[in-house]
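Everything below concerns the one structure shown next.
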Amino acid sequence: MLKNYAPTQTNAWKKLEAHFAEVQPQHLRDLFANDPQRFEKFAFHFEDTLFDLSKNRITEETLDLLTELAEEMEVKAAIESMFSGEKINATEGRVVLHTALRNFTDQQLEVDGENALQEVRDVQQQMKAFCSKLHSGEWTGYTGKRIQSIVNIGIGGSDLGPKMVVEALKKYQKPELEVYFVSNVDGTDAAETLRRLDPETTLFIIASKTFTTKETLANAHTARDWFLEQAKDKEHIKKHFVALSTNTEAVAAFGIAPENTFRFWDWVGGRFSLWSAIGLSVACALGYDRFEELLRGAEAMDKHFRQTPLRQNIPVLMGLLSTWYTDLFGAQTHAILPYDQYLRLLPEYLQQLLMESNGKSASRNGDTVNYQTQPVIWGAAGTNSQHSFFQLIHQGTYLIPCDFIAPAQSHNPIGQHHLMLLSNFFAQTEALMKGKTAEEVREEFRQKSGTVTEEQEQLVQHKVFEGNKPSTSIMFKKLTPYTLGSLIAMYEHKVFVQGVIWNIYSFDQWGVELGKQLAGTIEKEILEGAAGKHDSSTNGLIAYYNQNRS
Ligand code: F6P
């Protein structure tokens, strides 16, 4: 089990604070200038993926001390507790075994008296058979036509993961199927998707771990009504609706046949579920074999995470760096910057993964922590982001650690595009690190006009880049299902390490409940025309809506 112990009570923490005082004034520019081996010292390799940590504000001692912190916080034992199926999700009384979904060994892993790995295999076989029928055309709609469109209806973890993966691996997509995602309870989402579709050739995947999520059920009912408006007979539902859920009773009550239900288990967290039946839309889009490659990439990262010593362990180091910046430097946000159009949804996906997991302030014994936990995750694809928010990263007042992510090879090698893209990637990490001094700005003026005029001198401070902005660069050969699987698993394990260090529970999400409860109450009050007991602002907003709703 995970123990309750504040990181700030460790010996390593005290050493880290003293060490921080030494590192903080140092400039990355000097750290590079003084050590020609800096890249080699901080470049970590996982198969063909390079994790370059050298542009972080660290020294070798930093990583040694962070590793000491991980040792004192018993990260190694915590990893074992997770993989071996201990109930580390204590606030929900559950084991945490998303890693079992991509475990291809013939191990036994008992959960509640069943071999979890066998259950996983059974559902995988069911998914494989379904995909094969769909792709061969054996599975048809109620009028005998081939299915041409798949619509995944789900939200949060039942949407963001599969949507991001389908987008990221578009190049591998089966040409005969279009895949759509509907998540928002805003009727516009369903309306704008449905108007493009034909009920005779559309199959809906209702993805919900609990099958109680209001948004998903509302969208599922809308889809069913839309379908039945044309198909009429409820018997036809079984050719057009399948469900992915742990709640098989609620699925049956909705009217989806048991043979069209793909199960998973409460030991798979929603935001860790894309490897489970929740990945069915991915398997449909790419073919089951590609989906399996994704799982195998994740499995390889799982092995690295479980077996590699902490000091060389990539997700461990990534998690520790987060503590270093959040708690020592006081960084409040962290940017995810994929230089790959296919990965443009990665920041959104990681927002849920990291912030829903570690956006907590109660320590494992329920006390309020007296240090910072999860920073805000944000970001967007480069180079577009360079023309929107990079200004702030370069010259704003916040320290924002960044992850730059890019493939060496493009799936679309057109002209010099990829070279240009990567040149920007390299240039930005260099510029953030080095910055530009006042003297360098003046020298530029001199180069142009031989002197620095008074007017130009006024501009100097505006053109200075402080630099010393940390970044981690992640590069891989090509974005394949396998590589993507390993990258996602790396971030999942980073989340885990952060949670262990921050002494919080990463696998619950009680923080989303209050808003859900209140929404239910308010919806009922509005429908019944009843006055609720709210504050004056909420009452005023409801009154505005009532006055203007039609
Ligand atoms: O937002 C809370 C949450 O429970 C997420 O953790 C989850 O991914 C999402 O809702 C959807 O839940 P479900 O898959 O049960 O519909």
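Bear in mind the structure is a predicted one, so any value in this text is a computation, not a measurement. Basis for what follows: all heavy atoms, side chains included, without hydrogens, waters or symmetry-related copies. Indexing begins at 1, ligand by ligand and atom by atom, following the structure's order. Starting from 1, each residue takes its place in the sequence as its number.
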| said: I need the atoms of ligand 1 closer than 4.0 Å to a non-hydrogen atom of T213, numbered in the order shown. | reply: 12 (O), 13 (P), 15 (O), 16 (O)
| note | Near G157 (heavy-atom distance under 4.0 Å), the atoms of ligand 1 are 7 (C), 8 (O)
Considering only non-hydrogen protein atoms, determine which one is nearest to [atom] and report residue, atom name and distance to 0.1 Å.
| atom | answer |
| --- | --- |
| atom 15 (O) of ligand 1 | T210 OG1, 2.6 Å |
| atom 6 (O) of ligand 1 | E356 OE1, 2.6 Å |
| atom 10 (O) of ligand 1 | K516 NZ, 4.3 Å |

| Any idea which part of V512 is under 4.0 Å from ligand 1, heavy-atom wise: side chain, backbone, both or neither? |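 The part of V512 near ligand 1 is the side chain, not the backbone.
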| query | Looking only at heavy atoms, is any part of K209 under 4.0 Å from ligand 1, and if so is it the side chain, the backbone, or both, or is it neither? | reply | both
| Is the NZ or CZ atom of R296 both under 6.0 Å from the centre of the six-membered ring of F104 and within 45° of that ring's axis? | yes
| message | Does ligand 1 come near enough to G270 that some N or O of the ligand is less than 3.5 Å from an N or O of the residue? | response |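 The answer is no, given that G270 and ligand 1 share no N or O pair closer than 3.5 Å.
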If the plane angle is over 60° it's perpendicular, under 30° parallel, otherwise tilted; pick one for [X] and [Y].
| X | Y | answer |
| --- | --- | --- |
| F305 | F83 | tilted |
| F496 | F507 | tilted |
| H240 | F227 | tilted |

| request: Look at atom 11 (C) of ligand 1 and find which of D508, I155, V268 reaches it with the closest heavy atom. | output: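 Nearest heavy atom to atom 11 (C) of ligand 1 lies in I155.
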| query | Taking everything shown except Y398 itself, do over 12 heavy atoms lie less than 6.0 Å from its OH? | reply | no
| said: I'd like to know if the side chain of N115 reaches the main chain of Q108, judged simply by a donor and an acceptor atom lying under 3.5 Å from each other, with no hydrogens or angles considered. | reply: no
| query | For ligand 1, is there an atom lying under 4.0 Å from some heavy atom of E215? | reply |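 No, E215 has no heavy atom closer than 4.0 Å to ligand 1.
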| query | Ring centroid separation for F262 and F130, is it under 6.0 angstrom? | reply | yes
